[in-house]
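Keep in mind that what you see is a predicted model, and the values were worked out from it rather than measured.
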Amino acid sequence: GHRDLVGSVLRVNHSRFVLPLWSSAGAQYVPDPPATSTLSFVVPGIPESANAYEIVPGGLGATRHRRVTGGTQLTLDRFGLWSSVVLAQDPLLISRLGGRVAEAGPRAARLYRETAAGKLQTVTEVQRQLPPEAVPAAEAGLRVREAAAQLRRSDAHLAAGEHQQALRAAQRATRALGMLERRYWEAAAAMLSSPVTSPGACSFASLPWHWRLGERIRASQYDRNVLPGGDFERLERLLQAGWQHREHRVEGCRTAVDLAAVAARSGNAGLRMAVRPEDPDSPPAVVETPPVWIVTPPIPVEAGQLVVIHGYANVPQAIAGSVDGLMIFDSLSGEALAERIGRTDGWRAFTLFRVAPRSGSLRVTFALTGLGEARLDDVSIRMLHRAAPPATARLPGAHGNR
């Protein structure tokens with residue numbers, strides 16, 4: 001019943017090991033702690049006689065559970081971003097597991113506390129470099145003070161030998177800081193069509209770089225488009241410029257690439273990429289490798305140069321067999337910072353700002369990762385140069401500037 005909750009159930013002998021994980025939108029950039037620490041979910045296929053225990057460093061905690069339609073409902077009262085639960089009938093297994101977990105408790109509690117302290121230091125250092133208007137000062141101060149107070153409680157529990165309480169306090173400190181990190185990231189991502197538009201928006205620690213990049217962009221002016229053939233009007237121009245069409249043979253799939261009027265956003269044609277099943281009645285369930293790639297010719301770049309890649313994509317239907325859809329990535333940042341586009345409602349713009357780490361060449365790759373069709377048009381690559389300061393106008397007869 002929770003859209004952002006995923007998980008796995010592992011069977012080990014006659015027991016079950018449950019791993020629930022909170023994975024909200026954008027969690028690959030900055031995790032978003034759930035709004036509540038109490039979480040209930042249903043696990044199918046659990047014997048009625050099984051007991052449930054949450055595994056926490058320091059021991060096993062009895063977990064509320066009851067039979068419901070579809071399986072066994074588990075309720076966790078202190079859920080963070082992840083947890084682990086064992087369901088078993090064998091008391092000997094539970095006893096042995098509890099002993100091993102308790103043995104690791106003191107060290108685990110100290111590690112949790114050290115991790116939370118390191119996170120507080122990192123958040124404080126990064127926060128100093130961020131614009132004050134990104135997150136209200138009252139909210140930011142509240143989260144930092146809450147984390148510091150929980151760290152002091154963790155220290156007190158450690159001194160008293162109360163390892164589970166120390167661990168819980170460290171977790172609460174980490175949760176408060178995680179909520180603040182997410183707020184700062186959301187403020188930055190809200191200005192972008194996609195988080196990968198700016199490499200600095202892909203983690204909390206790199207947000208200061210993102211804001212500095214924004215200042216540089218605002219102080220720059222666009223140069224001419226240096227990508228030939230990005231209008232996809234004439235095939236001979238693409239071939240002469242050095243565009244490449246690459247295929248990776250995938251069993252059960254056939255590919256096609258052409259310039260078609262139906263793929264035109266402007267002009268007479270656009271680029272159409274398609275992957276179809278060889279047997280429509282039995283399409284591949286999973287396409288592990290993108291079957292078709294289109295690669296731009298190399299564009300010379302100089303170290304430190306600011307580059308903007310821009311264009312439009314149209315994916316009429318969801319891409320089957322792959323979660324990556326249409327991937328757009330550049331040779332400077334690689335697939336890790338790829339723009340991944342699923343089904344679109346008409347044409348969707350994409351923009352990638354990149355800074356060349358060294359002199360060399362830049363290529364952009366468009367890869368269709370599954371079954372379906374993608375269309376591209378009006379793709380450009382431009383360099384950004386620092387704008388010259390405007391000339392100061394003087395009024396007739398004025399002395400000096402104001």
Side-chain angles (χ1 to χ4, degrees), residues 5 7 15 17-22 30-41 50-65 74-88 90-128 138-184 204-205:
L5 184 68
S15 63
F17 187 56
V18 183
L19 293 168
L21 175 69
W22 191 263
V30 177
D32 184 19
T36 176
S37 60
T38 301
L39 191 70
S40 296
F41 52 93
N51 291 313
Y53 301 89
E54 183 180 5
I55 302 175
V56 294
L60 301 180
T63 300
R64 287 183 286 156
H65 63 286
L74 304 179
T75 300
L76 302 178
D77 294 320
R78 301 183 184 91
F79 185 81
L81 289 173
W82 60 272
S83 187
S84 55
V85 180
V86 63
L87 298 106
D90 186 355
L92 181 60
L93 182 150
I94 296 300
S95 176
R96 288 178 177 173
L97 181 60
R100 293 177 63 182
V101 174
E103 183 181 350
R107 181 169 181 267
R110 289 192 297 271
L111 289 174
Y112 267 88
R113 190 270 171 202
E114 291 173 10
T115 300
K119 192 177 189 70
L120 176 58
Q121 181 179 357
T122 298
V123 169
T124 303
E125 291 175 353
V126 172
Q127 188 181 25
R128 294 194 192 103
E139 179 184 351
L142 176 65
R143 297 298 184 196
V144 171
R145 290 193 298 273
E146 180 183 355
Q150 292 296 342
L151 273 175
R152 289 192 294 270
R153 292 191 182 96
S154 182
D155 288 338
H157 287 305
L158 281 174
E162 299 166 345
H163 298 107
Q164 282 202 31
Q165 294 91 326
L167 184 145
R168 293 296 189 188
Q171 287 179 326
R172 289 191 290 270
T174 301
R175 176 185 174 84
L177 295 171
M179 295 174 70
L180 181 57
E181 287 180 328
R182 179 73 178 199
R183 286 282 284 118
Y184 274 113
F204 171 75

Next item on the list: For side chain to side chain contact (heavy atoms under 4.5 Å, CB included), just list the numbers for Arg143 and Leu177, CA-CA rounded to whole Å, side-chain angles, deciding distance to a tenth of an Å, and then say yes or no.
Entry: CA-CA 6 Å; Arg143 297 298 184 196; Leu177 295 171; 5.8 Å; no
Checklist line | Any donor-acceptor pair under 3.5 Å from Ser154 side chain to Gln150 backbone | finding: no
Next item on the list: Measure the CH2-CG distance between Trp82 and Leu5 for me, rounded to the nearest 0.5 Å.
Entry: 14.5 Å
Check: Heavy-atom distance under 4.5 Å between the side chains of Ser15 and Asp90, does that happen here?
Finding: no
Note to self: For Glu139, is the CD atom crowded, meaning more than 12 foreign heavy atoms sit under 6.0 Å from it?
What the structure shows: yes
Note to self: Measuring from atom CZ of Arg153 to atom CD of Glu162, what distance do you get when rounded to the nearest 0.5 angstrom?
What the structure shows: 13.5 Å
Next item on the list: Identify the heavy atoms of Ala109 and Leu158 that sit nearest to each other, and give their distance.
Entry: CB-CD2, 4.0 Å
Check: So, for Thr122 and Phe204, which heavy atoms are closest and what is the spacing to 0.1 Å?
Finding: O-CE2, 4.5 Å
Next item on the list: Report the distance from atom CD of Gln127 to atom CD of Glu181, rounding to the nearest 0.5 Å.
Entry: 10.5 Å
Check: Rounded to the nearest 0.5 Å, what separation is found between the CZ atom of Arg64 and the CD atom of Glu54?
Finding: 11.5 Å
Next item on the list: Side-chain contact test, heavy atoms from C-beta onward, threshold under 4.5 Å: evaluate it for Pro106 versus Arg110 and give yes or no.
Entry: yes
Check: Going by atom types alone, do Glu125 and Gln121 pair a side-chain donor with an acceptor below 3.5 Å?
Finding: yes
Next item on the list: For residues Asp32 and Leu81, report the shortest heavy-atom separation together with the two atoms involved.
Entry: O-CD2, 3.9 Å
Checklist line | Donor-acceptor side-chain pairing of Gln171 and Arg168 below 3.5 angstrom | finding: yes
Checklist line | Leu19 to Ser84 - nearest heavy-atom pair and separation | finding: CD2-CB, 3.7 Å
Checklist line | Stepwise side chain to side chain contact (heavy atoms under 4.5 Å, CB included) test for Val85 and Leu74 | finding: CA-CA 9 Å; Val85 180; Leu74 304 179; 4.0 Å; yes
Next item on the list: List the steps, then state whether side chain to side chain contact (heavy atoms under 4.5 Å, CB included) holds for His65 with Asn51.
Entry: CA-CA 8 Å; His65 63 286; Asn51 291 313; 4.2 Å; yes
Next item on the list: Taking all heavy atoms of Lys119 and all of Gly178, pick out the closest pair and write down the distance.
Entry: CE-N, 4.1 Å
Next item on the list: Report yes if some heavy atom in the side chain of Phe17 is under 4.5 Å from a heavy atom in the side chain of Ile55; otherwise report no.
Entry: yes
Checklist line | From OG1 (Thr38) to CG (Leu76), nearest 0.5 Å | finding: 9.0 Å
Check: Counting distance only, does the side-chain N/O of Arg113 pair as donor-acceptor with the main-chain N or O of Asp155 below 3.5 Å?
Finding: no
Checklist line | Trace of the side chain to side chain contact (heavy atoms under 4.5 Å, CB included) decision for Phe41 with Val18 | finding: CA-CA 11 Å; Phe41 52 93; Val18 183; 4.0 Å; yes
Check: Going from OG1 on Thr174 to CE on Met179, what distance comes out if it is rounded to the nearest 0.5 angstrom?
Finding: 13.0 Å
Next item on the list: Would you mind reporting whether Pro34 and Arg175 have side-chain heavy atoms less than 4.5 Å apart?
Entry: yes
Item checked: Least distance between heavy atoms, Gly80 atom then Trp22 atom -> O-CB, 4.3 Å
Notebook entry, point to check: So do the side chains of Val144 and Leu120 get within less than 4.5 Å of each other, counting heavy atoms only?
Noted result: yes
